[in-house]
Amino acid sequence: MERNFVRDVSHLPTHGHGPSNLTWWGTIGFILIEGFAFVLAGFTYLYLMMQFQHWPPGMPPPELLWGTLMTVLLVLSLAPNVWAKRMAEREDVPRSRIAVLVMLAIGVLTLVIRWFEFTVLNVLWDSNAYGSIIWTILGLHTLHLVTDVGDTAVLAVLILTKHGKDPRRLGDVTDNAMYWNFVVAAWVPIYALLYLLPRAV
Amino acid sequence: MRGFGDSRRPQGAWPPHPGPLPGGEREGPLTLTLSPGGRGTWVAALPLPLLTACSGPQSMLDPAGTQAGHIGTMWWILFATCAAVYGIVMLWLLWALARRHRWVEPRGVLPVEEGRDRGLTFWLSVWVGGTVVILCGLVTASYAVDKSLTHLANREELAVEVEGMQWWWRIRYPDDDPSRSIATANEIHLPAGAPVRLKLKAQDVIHSLWIPNLHGKMDLIPGRENELFLVAEREGTYRGQCAEFCGLQHAHMALTVVVESPEDFNAWKEAQLAPAPEPASDEQKRGKAVFLSSACSMCHGIRGTTASASVAPDLTHLASRPTIAAGTLPYNRGNLAAWIADPQRIKPGNHMPLVGVPPPDLQALVAYLDSLK
Amino acid sequence: MSKLQCCLLALLAVAYNILACAFPALAQDPAPPAKAIPAPAASPPDDGNWSMPAKNYASTRFSELDEINAGNVRDLQVSFTFSTGVVRGHEAAPLVVNGTMYVVTPYPNHLHALDLTKPGAPTKWTFEPKPAASAQGVACCDYVNRGPAFADGKIFITTLDAHTIAIDAETGQEVWRTKLGDINKGESMTMAPLVVKGKVLVGNSGGEFGVRGWVTALDAATGKIVWRAYSTGPDKDVLIGPDYQPFYDKEKGKDLGVSTWPPNAWEIGGGTMWGWISYDPELDLIYHGTGNPGPWNPEQRPGDNKWTGGIFARNPDTGQARWFYQVVPHDLYDYDGINELILVDLPWNGETRKALIRPERNGYLYVIDRRTGEVLAADPYFPVNSTSGVDLKTGQIQYNEDKHPRMGKVVRDICPTAPGAKDWNPSAFSPRTGIVYIPHNNLCMDWESVEANYIAGTPYVGANVKMYAGPGGHRGAFTAWDPVQRKKAWEIKEDLPLWSGALATAGDLVFYGTLDGWFKAVHAQTGELLWRFKTGSGIIGQPISYRGPDGRQYIAVLSGVGGWAGAIVAGDLDPHDASAAKGFVNAVSDLPRRTTKGGMLYVFALPSRS
Amino acid sequence: MFSRCRPAASVLALCVLLLAACEREERAYRGEPVGEVKPGAIVQGTLYAGEPSPPPPQRREYEGNAYHISEGKRLFEWFNCSGCHAHGGGDIGPPLMDDTWIYGGELENIAATIVEGRPNGMPSFRSKIPDQQVWQLAAYVRSMQRAVRKDVAPGRDDHMSASPGEQSQPVQEAKPGGGTPPSSQGTGQ
Amino acid sequence: MSPKDSHPSDELRDGPGLNEDETCRRLERTWGTAPGLWGWLTTVDHKLIGRRYIVTGFVFFLLGGILALLMRLQLAQPEGTLVGPDRYNQIFSMHGTTMMFLFAVPIMEAMAVYLVPLMVGTRNIAFPRLNAFSYWVYLAGGIMLYVAFLLNTGPEAGWFSYVPLSGPEYSPGKRTDFWAQMITFTEVAALAVAVEVIVTVLKMRAPGMSLNRVPLFVWSMLVTSFMVVFAMPSIMLASSFLIMDRLIGTHFFNPAEGGDPLLWQHLFWFFGHPEVYIIFLPALGMVSSIVAAMARRPVFGHLPMVLALIATAFLGFGLWVHHMFATGLPRLGVSYFTAASMMIAIPSGIQIFCWIATLWDGQPQWRTPLLFVVGFVVIFVLGGLTGVMLASVPFDQQVHDTYFVVAHFHYVLIGGAVFPLFGAFYFWFPKITGRMLSERLGRWNFGLFFVGFNVAFFPMHLLGMVGMPRRVYTYPAELGWAGMNLTATIGALMIAAGVALFIVNVLVSLRGGRIAGPNPWGAGTLEWATSSPPPSYNFAHIPVVEGLEPLWDSRGRLPVVHGLRVEEREVLLTTVVDAHPDLREPSPRPTIWPLLSALAITVLFIGSIFTPSAVVWGSIPLAVGLIGWFWPKRSRTPTEPVVES
C-alpha cells in the first residue's frame, strides 16, 4: 500500500496532565465503576430500610463521635489534597513530597478512626439485614481507604527516592489526589445514610 | 403423540384415572368461555395447523376462565400484530437481497452521493412513526387487559390459601368458622363461575403457581404474600405446575384444579370436613397401626387419629385425590404402593424418605390409606 | 397530739373493727372501706401455720404475724438451713403445719418433713415418689414443682410424671397415688394442688407439647377422680352445662371449644392448667385459669381457640362452669392464663364488689367481678405494646396489628414477652395497705412464627423467640399496685427478671428473692429496701412466714435457681444461642456468671432474745 | 519468591480441597430404610482394651457431606429436635453446640441416642426415623458442635438469627466420649 | 511542560527518513513478543491476547453447547433417565452461566480487544498489562467453574441463582459459592476490558477520526463498555451479598431478618437486562461492518445507528422489572416497565431498517458472512417481536418462565449475537490468520445452523404456551409435549453438526485456506489497511482518517503520520472529540506481573470460598503482584523514563 506522509508528530510531548493522560481516563473509569457500586449500595440501604418498621431495628444508631470525626477529617483533608495536586501540577517536587507525606499521614489516621467506627455501630453484620448493609457499606468504603493509603504509601516511596524526579510520578500524584477526592465525595452521602438518616426517621 | 392433542377429548382426561374423577367426565363445549374480544372467532379464523395441539389441561391457548380468556385475547392481538410486522420485514429483506445481489468477488464500492439516501431517510421516518403507533397500541391493549384481570376482585366469593413447599402444594380453604376450614394438598377445587382469590405464600424457596387454563402465573415468595384473582368458568379438570425453579424436584411439582358446579363443590367441601373414617377391615386396622407406629406419622397427619404432623401433605382424604406426589403419579393403589415402597426412585431428592415398610405391612398400609376417601 | 388523744383514737378504731366484724352490714353500708380487703370467707385469721402455698383460699400470701417488722427486720438472721439435695429450679413454697415443715423438691419430687420442734429442724422422714426419669423430657421449663398442699392429715403432691400422691403427714407413708396423665403425650404435672371440700384439685402441664389441658378433682380420701374438666373440646368435656352464665356474649355458644378451632386441632390444643386455683367458700366457686393454646404459632390455629387463655369459675363439687372470661382469645404470644387470682372485696364506684385480682401475663392487672365474670378494670402495670387495651364493654382485648406474628418474618420489640409481664410467680396482697405486690419481668422480645410439626411426646411450639430487657434497660421489677386507685404505689427496678413469689406480712414488710440469690425485705408502704441476704443460689421459690413451735415468727424460702428464667444455669444452656430456653437465655445470658445451681432451704428469724 | 510460592502452594491445597469436593457434594437420596443403627462401633469413652476398632463408614459418608448435613438441619426442625434443644443452645434438653456429651459425642453415639432414646427425657425414635435420616441428623448435630469440616457445615438459615451459622464457627475437636455436665450429677437418676 | 519534551531526541523514528524495511524490522523488535513459553505468558500484545480470548471464549461456547445437547437428549422423550435431577440442574445452570458469563460477554470483549485498536488505527490497546491481567483472571474463573463442575460442585440454582434457593439454607455445599465467585472473576475481567476499550476509543484514535467518523463496530463497543461500567457493579454487589449471606451469615436476602429475596432479583436484573444488550450491541457493530463490506456501500444512516445504539443502552437500564412481572410488584409500577420494554423496539427497528436499506441500496454479495447476517435478521426480528409480546404484563404472566421464554431469548441471543458472531468469524478470520475460510463449508455450516436452530427453538414457543415450564428435568408423557421436544432435540443435533462443520472449516483453512491478503473483502475500515495477520505493531505508520470508510475514501493512498519512535513502544494519543494528535505516550513492555497478580487474585477469590480470612492473607501476594506490576522501570533510552500501566 502506498504511503502518504501528511504529518510529523515527533514534536509532541510524551506526557501531559489531567485528561490528556491515559491514566487519568483509567482512574475516571474505575471511579465511575466504584461510584456506581456505592450508589447501588445506597439504594440497597434504602430498600432494606423499607422492610423494617423501625430503623435501626431495636438498637441505637451508630454513635456519632467517630463517624463525625471521620467526616470532618475527610473534608478537611481536601485542603492538603488539593494543595498536593496543585504542587504536582506545578512540578514542585519538594512540596509534592511533603504533600504526599501529609496525605499518607491523614490516610493512616482515617484507618485508625475507621477502626473505632466499626466498634460503635451497635450491631453486628450477622444480626439482621440492617447490620449487614451498614457493615458492608462501611467495609466497602474502608476498602477504598485501604487501597488509597496503600497507593499513597507506594507513591511516597517512589517520590522520595530517585523515581521522584520523573514527571510522571507527579502525574501519579495528581491522579492519586483525584482518587482521594472521590473517596471523600463517596463518604459524605454514606455518612448521611449511616449516621444521620436513622436519627431523622 | 399421546394425550390431549385432540381438543375434543373429555376434559377429565388428565390425569389418566381408572375411576370417575370428582369433577365428572363431562363433555365440555369447546369454547364455553368467550372473552370480550371474541376469541372464538380468532381461533376459527386462524389457519395455524399447530393449533390443534394447543388445547389441553395445561395450555394457555385453551382458556377455561375469565382471566385466561382475556390473556388469550391479548395473545391473539400480539400475534396478529407481530406476524404482520414480521411479514413486512421479511418481504422487504427478500426484496433487498434479490434486487441487486451478486455471487461474485467484490468490485468497487458504490459511492454515496449527496442526496442519494434521502428517499431512504423518508422511509425511515415512516418506519419509526409506524413502530411508535403500533407500540402505543400494544401498550394500551396490554394495559386494558391487565386492568380487566382484576376488575371482579371486589366480588370475591371464595378465598383459597396456596402454600408452595419443596415440592408440593398445601391448599387451605379458610372459613370464618375455623372449624369449617379445610386443608388438602396438590388439588384445588373451585366452583365454576365464582370469583376466587388465591392467597399465595411460601416458607422455603420461591415457587410460582401457574394454571394456564385459568390465569397467568404468580410467584410465591418467602416473606411476602401475593394474590391471584381468578374466575373459573368451564367445568373440567386442569393442571397447574410450579413455574419458578425451586430445586431438585421442580419438574414434579404439579397440582390438579377441578372446576365443578357449586353443588359438587359444596359436596366435596363437606366430604373434606369429615375426619378420616375408622378402618373397616382387619387389614385396614393393621394398616392404621403401621401408619401410626412407623415413620409415616412423623411427617403426615390424618385427622381423627393421633397423627397430626403437618410438614408433609395431610392424608385425611388421600384416596379422594387425583394424584400422588404432587402430580407425579395418578392415584391408584398400585402407584401408592410403589410410591411408599421407594419414593426416591420415582421422585429423586424429594423429602419423603425410603422408609422400608415390609411387604405385608405395606399391603395393609395401602389398604388403610386407600380407605381414606 | 397528746398521748391521750392517741389512746382514744386507737380505742375507737378497735371498737369500730370489732363492730365491723360482728356486723358486716354495719361496716359496709355507711362507708365502704377505702381499700380492698381479702374475701373474708376465703381468708380466715392466721393460725401461724402455712398449710397451702397461697396461704389461704383467697391467695393473699399475707401473714398476720408482725414480730418481724419494718423496725427490726435489719436484725433478721438465718435460723437454720436445709439442703434439698437437688440442684434444679426450686419454685415451691414450703408448708408448715403444726411444728412440721414440708419441703417438696423439683424432679425427683422428694418430699421432706422437717421437725421444727427440735434444734436445727432434723428430717422426720423423706418420701421419694420415684417418678419416671423420662418425664424430664416433657418438662418445658425446668423440672420444677410449685409446692405441696396439706389437708386432713395428708400432704398432697403432684409429680413430674403426672401423678398425684397423698402422703400421711405424720408417717410419710403413701396413702394413695393416682396416674392422671401420659408422659408419652407430653403431659406432666408441676402445680401445687389445692384441697377444697375434700377434693384435691390439680391440672396438667405441657402446653408446649400439644396436650389437651384439664383440671381434675380427686377425692382426697381415696384418690379417685371425681370430675375432670378439659380446656378444649365439646361442652360436655369442658363441663359447661346449664349453670354456665358468662358475662360476655363472646363466651356464649354451643361447643365453642370445637368450633373455634380448625378441625380436630382442639385435640392437641393446649389450655393446660398448671398455675393457681382460688376458692371462695361464700360463693362456693373455684377460680382457675387456662393456659396457652398450642402451638404458639397462631397461624396454625385460626379462631378464638376456646377455652384457652381465660379464667373459669367452677363449682368445686361437680366441676360445672359458672362463668368464663377469655383474657386472650386466639392467643398470639403464649400469654398463658394461669396466674394467681387474689380474691378481694373492694370498693368500686361507691359499692363493694366481690372481685378477683389477676396480674396477667399480657401486662394488664385485671379486676374482675368474681360472681359474674365482668371485667371491672384492666390496667397495664408494664409498658405493653402488643395490645392497646381491653374494651371493658365487650371484654375484648385489642391486639396491635403491628405486632402480629407472621410466619417467616421476625416481629420485633413485642412487649411483654412470652413469659409475660409476669409469669406464674405469685403476688402477695396486704390488707393493711390494700396493695398488691407484684414481682415481675421487664422484658421484650423478637418473635418469628415457624411451622410446628405435631409429633406426640415432642414439643409443639412453632416459634423462635429472642428476649431482651424492656424499656428502661432493667429486666425485672417489683411493683406495688393499688387496685382501688388503679395505679402504681411504687416500683423497684431489678436488674434481673423476678421469678420468685412475694410474701407480705403484718409487720409492714414484703419479701421477695432475685435470680442472683438476694432475698430482700422492703417496706410495704414505700418500697424502701430494709434488709437483704445473699443465698447460695438464685431464688425462684415462694417465701412464707410462720409461727414456730417456739412462738417466734420465721421467714422461709427455697433457694435454687432454675425454672424458665433460670434454665440457662439449671440446664447448662449455651448463651450463644439466642433462642435457647425459648428465648429466655438471650435475656439472662449473664446469669451463669452471677449465680450457680443450688437447692437449699433458708429459714430466717430475729435473733433470739435469750 | 514469596509471592510465587504462595499461589503454588495454595493451588496445590486447592486441588486437594477440590478432590474432597466430590465427596462433599455427593447427593445420595436413597438411604437404608428403617432398621437398626448398628451399635457395633459405639463407644462412649476414650479408654480401649486393646486396639480401637476403625470408625464406621458412616462417619465419612455423612460427616463429610454438605447435602446430608443440610438435610439433617431441615429434619432437626421437622422432627422437633429444636423444640428441646433450641438451635443448639438447649432448652428442655441439653445444649448441642458445646462439647459436653453425656452419652458420647461421636456420630455413632449421637445416632444411637436418637434411635434408643436416653433415660432422662430423650425420646426414642426407633422405627420412627429411617436410618439415613438418623445419620443425617447426627451429622448435623456434629456440625453444631463444630466437629465437621467447615466447608460442609451449613450456613445460617433463612429464619431468625438465633445463633451464628455452623459454618462461621471454628472447627474444634469434640471430646470423643464426652464430659458429664454438672446438672446430670445432681439428679443422679 | 518540561523543555526536553518539546525537543525530540535523536532517536530513530518512523517516517520518510527511515527505510521502510528497516522501520518494520525495528518496530518488530520493539513490539514483538518473545518466542517460547515465556513470551506467551508475558505478552501484552492485544492481538495475541485477543486471539486467545476468542479461542477461550469459543471453547466455552463448545462446552456450553455440549451441556445443551445433554439437556436436549434428556428431554427428547418424557420421563427421560439420561441424567437425574441433580445433574440436570447443574447442567442447565452451567449452560446458562457458561453462555452468558464465559462465552457471550467475554467473546464480544475479545473481539473488541482484537479489533478496536486496529479499527481506530493504533499500535496497542490502552493499559495492555491490564488487558493481559483480565484475560488471565477470566481464564482462571472459567477453569475454576469447570473444575468445580466436574467435581460435582457445579452451580445448581440456574444462571440467575434466585435466592433463597441459592442461599445458605437451600443450596448446601460449595456449589453456589463457586458460582458467585465465578461472577467476581468475570466481572473483574469485563470491567477491566471495558475501561481499556473506553480509553482506547476516546484517546487513541487515529488522527482525523473524529467521533462522527468512528466505525459502527467501535461505536457499539464504546457504548457496550459504558454499559458494562454501569451494569457490572450491580451484579458485583449482588454476588457479594449472596456470598456473604452464605459464608459469614449476613441477612441481605433473609426475609425473617429484614432482608428480601426480591432484592436479589432487582440487583440481578438491573445487571441482567443490560447484560443482554452488552452481548447484543457488539453484534450489531459486527453486522454493520459486514453489511457495509458485503453491500459495497457505507451503512445507511450512520447517525441514526449511533443514536439507536445509545438509546438502546439507556433504555436497557430502565426495564429490568419486566423479568419480575410475576413477583406481584405493584400493578401501576410494572405498567411503566411494559411501556419502557416496548419502546426499546424503536431503536432496534431503526437498526433493522438501516441494514436492510443498506442491502437494498447496495450490491449484496452472497458470501458466508452475509448469509449469517441474513440469518441474524430472520431470527432476531422474530425474537425481538416475541420480546415485545413479553413486555405485556398479562401475556408475560402466562409465558414467563416457560419454554416460550426459552425460545424467545435463544432467538434473541443466538439470532442476535451468535449468528453475527459467526458472520464475524468468517469476516475477520482472514485478518486474524491470513487465510480465508472455505465458502463451501461455510454455506453448509450456515445452512445446518440456521435450519437446526429453527427446528430446535421454534417448537419451544408452542411448548411454552401449552404449559411446559423451564428448568424441568423431565415431564410426564400425558401432556403431549414429547413430539415437539423430540423435534427440538433433532434441531439441537443439527446445530451441533453445523458448529462441528465450522470447526472443521477452521482447522482445514488454517492449513490450506486461500491466502487472504490485507483486504480480501475490499472493506473500508482501518483494520484492513495492514497486512493479514497484522504485524505486532499493527501499522508501520499511524494512518490519518478523512472519512467514515478510510480505505474507500483514500482510494488506495492512505495518508499517515510519522515521527513515532521505533526503538521504544510508543503510541499516539489524540483528543477526545476531534482526534487531533496530542501526546506520544509510551506503551508498556511485556511482563509476567499481570499473570502473577491474576494468580494471586485467583487464590484470594477461591480461598475466600473456604475461609473469609483468605481475603486478608490473600491480599498480601496480590499487593506484591500489583507493586511489581506498577513499579516504574527505566527505559532503555535514558532520556524519557517510561511508566508502565
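Proteins get letters first, then strands, A, B, ... in listed order; numbering begins at 1 in each.
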Chemist: With a 3.5 Å cut-off and no angle check, do the side chains of C:S579 and D:H87 form a donor-acceptor pair?
Modeler: yes

Chemist: Could you report the tightest heavy-atom contact between D:M160 and C:E448, atom names first, then the distance?
Modeler: N-OE1, 2.8 Å

Chemist: Heavy-atom distance under 4.5 Å to chain D: side chain of C:V410, backbone, both or neither?
Modeler: side chain

Chemist: For C:D577 versus D:G88, what's the shortest heavy-atom pair and its separation?
Modeler: OD2-N, 3.3 Å

Chemist: Using a cut-off of 6.0 Å, state whether more than 12 heavy atoms not belonging to C:H576 lie near its atom NE2.
Modeler: no

Chemist: Considering only heavy atoms, which portion of C:F584 lies under 4.5 Å from any heavy atom of chain D: side chain, backbone, both, or neither?
Modeler: neither

Chemist: Looking at C:E208, C:Q136, C:K582, which hits side chain to side chain contact (heavy atoms under 4.5 Å, CB included) with D:I92?
Modeler: C:K582

Chemist: Which region of C:D142, side chain (C-beta onward) or backbone (N, CA, C, O), has a non-hydrogen atom less than 4.5 Å from a non-hydrogen atom of chain D, or is it both or neither?
Modeler: neither

Chemist: Can you tell which part of C:A139 gets under 4.5 Å to a heavy atom of chain D, answering side chain, backbone, both or neither?
Modeler: backbone

Chemist: When rounded to the nearest 0.5 angstrom, what is the spacing between NE2 in D:H85 and CG in C:L573?
Modeler: 11.0 Å

Chemist: Give, for atom CG of C:N453 and atom CZ of D:F79, the distance between the pair rounded to the nearest 0.5 Å.
Modeler: 8.0 Å

Chemist: Output the option from C:P459, C:G408, C:A132 having the highest count of non-hydrogen pairs under 4.5 Å with chain D.
Modeler: C:P459

Chemist: Give the minimum heavy-atom separation between D:N80 and C:I455, together with the two atoms involved.
Modeler: ND2-N, 3.9 Å

Chemist: Could you tell me which portion of C:V450 (side chain, backbone, both or neither) has an atom closer than 4.5 angstrom to a non-hydrogen atom of chain D?
Modeler: side chain

Chemist: Give me the atom names and distance for the closest heavy-atom approach of D:A86 to C:A580.
Modeler: CB-CA, 3.6 Å

Chemist: Heavy-atom count check: over 12 atoms from other residues, nucleotides or ligands less than 6.0 Å from C:K185 NZ?
Modeler: no

Chemist: Quick one: what part of C:W564 sits under 4.5 Å from any heavy atom of chain D, side chain, backbone, both or neither?
Modeler: neither

Chemist: Working to the nearest 0.5 Å, report the span between CG of C:D574 and OG of D:S163.
Modeler: 9.0 Å

Chemist: Which atom names give the shortest non-hydrogen contact between D:P95 and C:D572, and what distance separates them?
Modeler: CG-O, 3.1 Å

